[in-house]
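Remarks on the structure that follows.
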Amino acid sequence: MTHIQISPGAVAPGDGRSVPEGNGAGDGPPPNGGKGSGRGENLAGYLFMSPWIAGFLFLIAGPMVFSLYLSFTEYNLFEAPRWIGLRNFTDMFADPRWRQSVKVTSWYVLIGTPVKLAAALAVAMLLAQKRWGQSFYRAAFYAPSLIGASVSAAIVWRALFSDDALVDRTQKVLGFEAGGWIGDPEMIIYALIALTVWQFGAPMVIFLAGLKQVPQELYEAAEMDGAGRRRKFFHITLPMISPVLFFNVLLETIHSFQIFGSAYIVSNGSCGPADATLVYTCYLYEQGFVNSRMGFASAMGWLLLVAVGLVTAVLFRSQKRWVHYEEGGR
């Protein structure tokens with residue numbers, strides 16, 4: 001039998017069709033190298049992103065650049081800005097009320113944030129255990145985070161800590177010195193801290209997710225070695241959830257620096273008494289929208305941004321020492 005070998009491009013006997021060269025129609029590059037379709041996809045992507053891009057440029061980036069310019073000017077919302085250089089910053093550092101706002105905010109951050117995270121972790125560890133009604137308790141403890149930042153919750157909180165209110169009457173029953181926290185310059189800041197601690201639901205959920213990822217084999221091995229609850233907590237639980245702990249510390253610290261609504265409402269708009277709740281943003285609002293010193297307020301805003309950035313950088317720097325990841329690195 002004679003074997004006929006058909007080379008590429010040759011015509012087969014008895015067939016008027018030629019065999020195309022190559023391995024198939026899909027081997028060669030597409031027309032125009034696919035540039036047309038790639039450009040169309042890019043154009044469609046930019047088109048879908050255009051609302052966000054426009055919002056970022058006109059609602060975030062644009063106002064930020066303008067506020068940076070205003071921080072070096074004297075501007076009262078009614079006249080054209082007048083360039084004054086660094087005077088807003090020098091006046092700020094010489095202002096005793098500005099220093100009081102830094103003191104109040106620092107105290108709020110240093111006390112409120114750790115207590116809130118401690119409460120969130122404690123409740124998360126309780127809810128991580130299997131028990132009846134677990135879903136209900138999780139929802140109940142998370143609910144304050146949904147309404148805690150609202151105006152109505154702050155108004156209720158003010159009513160609870162006012163003179164002859166629920167907290168005051170409870171103090172009388174327990175034999176403590178009577179008196180509302182709202183009118184006491186030394187106690188009102190703790191009423192504000194209690195409000196933020198009450199809103200521990202969001203970090204609690206994050207802690208709960210982290211606790212679910214801890215292998216139970218580690219606890220079983222520790223029990224076999226005779227480790228108690230305290231050793232298991234400090235040597236297993238905390239190292240294993242340290243990335244989650246770092247995330248919560250970072251997020252809650254930034255939020256604490258930005259507190260405004262609850263402080264303003266609990267103090268009935270006075271940031272007092274005796275400037276006891278004069279947090280940084282409350283004084284910024286007072287200077288910008290009450291005294292019409294928008295240039296001064298812009299300088300305060302940018303200084304707050306720098307301070308939060310420095311604190312964030314310190315936290316990221318410190319994580320190398322105490323945050324443990326699964327790969328074994330830090």
Side-chain angles (χ1 to χ4, degrees), residues 49-110 112-113 149-151 154-155 158 185 188-189 192 196 250-314:
M49 290 176 60
S50 59
W52 182 89
I53 295 175
F56 174 77
L57 292 177
F58 293 103
L59 300 179
I60 299 179
M64 285 184 64
V65 174
F66 186 60
S67 69
L68 180 61
Y69 163 72
L70 290 180
S71 65
F72 299 99
T73 66
E74 182 179 351
Y75 180 49
N76 59 6
L77 295 175
F78 305 104
E79 300 177 356
R82 183 173 62 89
W83 184 268
I84 59 174
L86 297 175
R87 188 186 304 173
N88 284 327
F89 295 93
T90 56
D91 292 346
M92 188 190 312
F93 295 133
D95 187 357
R97 295 196 70 207
W98 177 83
R99 294 196 295 269
Q100 172 67 10
S101 70
V102 173
K103 177 182 177 181
V104 172
T105 305
S106 301
W107 184 253
Y108 176 84
V109 173
L110 293 175
T113 302
S150 64
V151 175
I155 293 176
R158 173 180 171 81
I188 187 173
I189 186 64
L192 201 60
T196 191
L250 181 65
L251 208 62
E252 293 301 326
T253 301
I254 295 175
H255 287 169
S256 296
F257 275 107
Q258 299 174 344
I259 178 179
F260 171 72
S262 56
Y264 187 80
I265 295 170
V266 168
S267 64
N268 200 23
S270 64
C271 297
D275 290 340
T277 58
L278 186 66
V279 294
Y280 195 91
T281 52
C282 190
Y283 190 51
L284 186 152
Y285 170 82
E286 179 182 317
Q287 290 295 321
F289 296 96
V290 177
N291 299 334
S292 298
R293 299 181 64 187
M294 192 58 66
F296 188 88
S298 298
M300 287 187 63
W302 275 95
L303 194 61
L304 177 62
L305 176 63
V306 172
V308 172
L310 291 176
V311 172
T312 302
V314 170

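Keep in mind that the numbers below use all heavy atoms, side chains included, and drop hydrogens, waters and symmetry copies.
- To the nearest 0.5 Å, atoms CG (N268) and OG1 (T277) are separated by 10.5 Å.
- Using a 4.5 Å heavy-atom cutoff, the side chains of I265 and S262 are not in contact.
- The side-chain hydrogen bond (donor to acceptor under 3.5 Å, both in side chains) test applied to R99 returns no partner, not counting sequence neighbours.
- For the pair L68/M64, no side-chain contact is recorded, criterion being any heavy-atom separation below 4.5 Å from C-beta on.
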#### Entry: Evaluation steps, side chain to side chain contact (heavy atoms under 4.5 Å, CB included), between N88 and W302
CA-CA 11 Å; N88 284 327; W302 275 95; over 6 Å; no
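- A donor atom on one side chain and an acceptor atom on the other are not found under 3.5 Å apart for D275 and Y283.
- Across all their heavy atoms, I188 and P273 have their closest contact at CD1-CD, 3.8 Å.
- Aromatic rings of F257 and Y280 (six-membered ring for Trp) have centroids beyond the 6.0 Å cut-off, not under it.
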### Message
Apply side chain to side chain contact (heavy atoms under 4.5 Å, CB included) to residues F296 and S71 and explain how you reach the verdict.
### Response
CA-CA 6 Å; F296 188 88; S71 65; over 6 Å; no
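- The line from CZ of F66 to OG1 of T73 is 7.5 Å long, rounded to the nearest 0.5 Å.
- Rounding to the nearest 0.5 angstrom, the gap separating the OG atom in S101 from the CG atom in D95 is 8.0 Å.
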### Message
Run the side chain to side chain contact (heavy atoms under 4.5 Å, CB included) test on T312 and L250 for me, step by step, so that the C-alpha distance in whole Å, both residues' side-chain angles and the decisive distance to 0.1 Å come before the verdict.
### Response
CA-CA 7 Å; T312 302; L250 181 65; 3.6 Å; yes
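- With hydrogens and angles disregarded, no donor-acceptor distance shorter than 3.5 Å links the side chain of N291 to the backbone of R293.
- A salt bridge is defined here as a Lys NZ or Arg NE, NH1 or NH2 lying under 4.0 Å from an Asp or Glu carboxylate O, and E286 with R97 meets this definition.
- In terms of heavy-atom proximity, V102 sits nearest to S106 at O-OG, 2.7 Å.
- Legend: residues meeting side-chain contact (heavy atoms from CB on, under 4.5 Å) with S256, ordered by chain and number and at least two apart, are Y108, V109, T113.
- Of all non-hydrogen atoms in A80 and Y75, the two that sit nearest each other are C-CD1, 4.3 Å.
- Using the six-membered ring where Trp is involved, F260 and Y285 have ring planes that are tilted, between 30° and 60° apart.
- Distance CG/L192 to OH/Y264: 14.5 Å, rounded to 0.5 Å.
- Rounding to the nearest 0.5 Å places CG of L86 at 10.5 Å from CE of M92.
- No side-chain heavy atom of Q287 sits under 4.5 Å from any side-chain heavy atom of W98.
- Annotation: side chain of L310 is not in contact with side chain of V314 (no heavy-atom distance under 4.5 Å).
- Here the shortest heavy-atom pairing between A276 and P185 reads CB-O, 3.2 Å.
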### Message
Checking F72 against I84 for the side chain to side chain contact (heavy atoms under 4.5 Å, CB included) test, could you report, in this order, the C-alpha distance in whole Å, the side-chain angles of both residues, the deciding distance, and whether it holds?
### Response
CA-CA 6 Å; F72 299 99; I84 59 174; 5.9 Å; no
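- The closest donor-acceptor contact from the side chain of D91 to the backbone of A94 lies at 3.5 Å or more, if one exists at all.
- Note that the OG1 atom of T281 and the CG atom of L304 stand 7.5 Å from one another [nearest 0.5 Å].
- The two residues S67 and S298 make their nearest non-hydrogen contact at O-CB, 3.3 Å.
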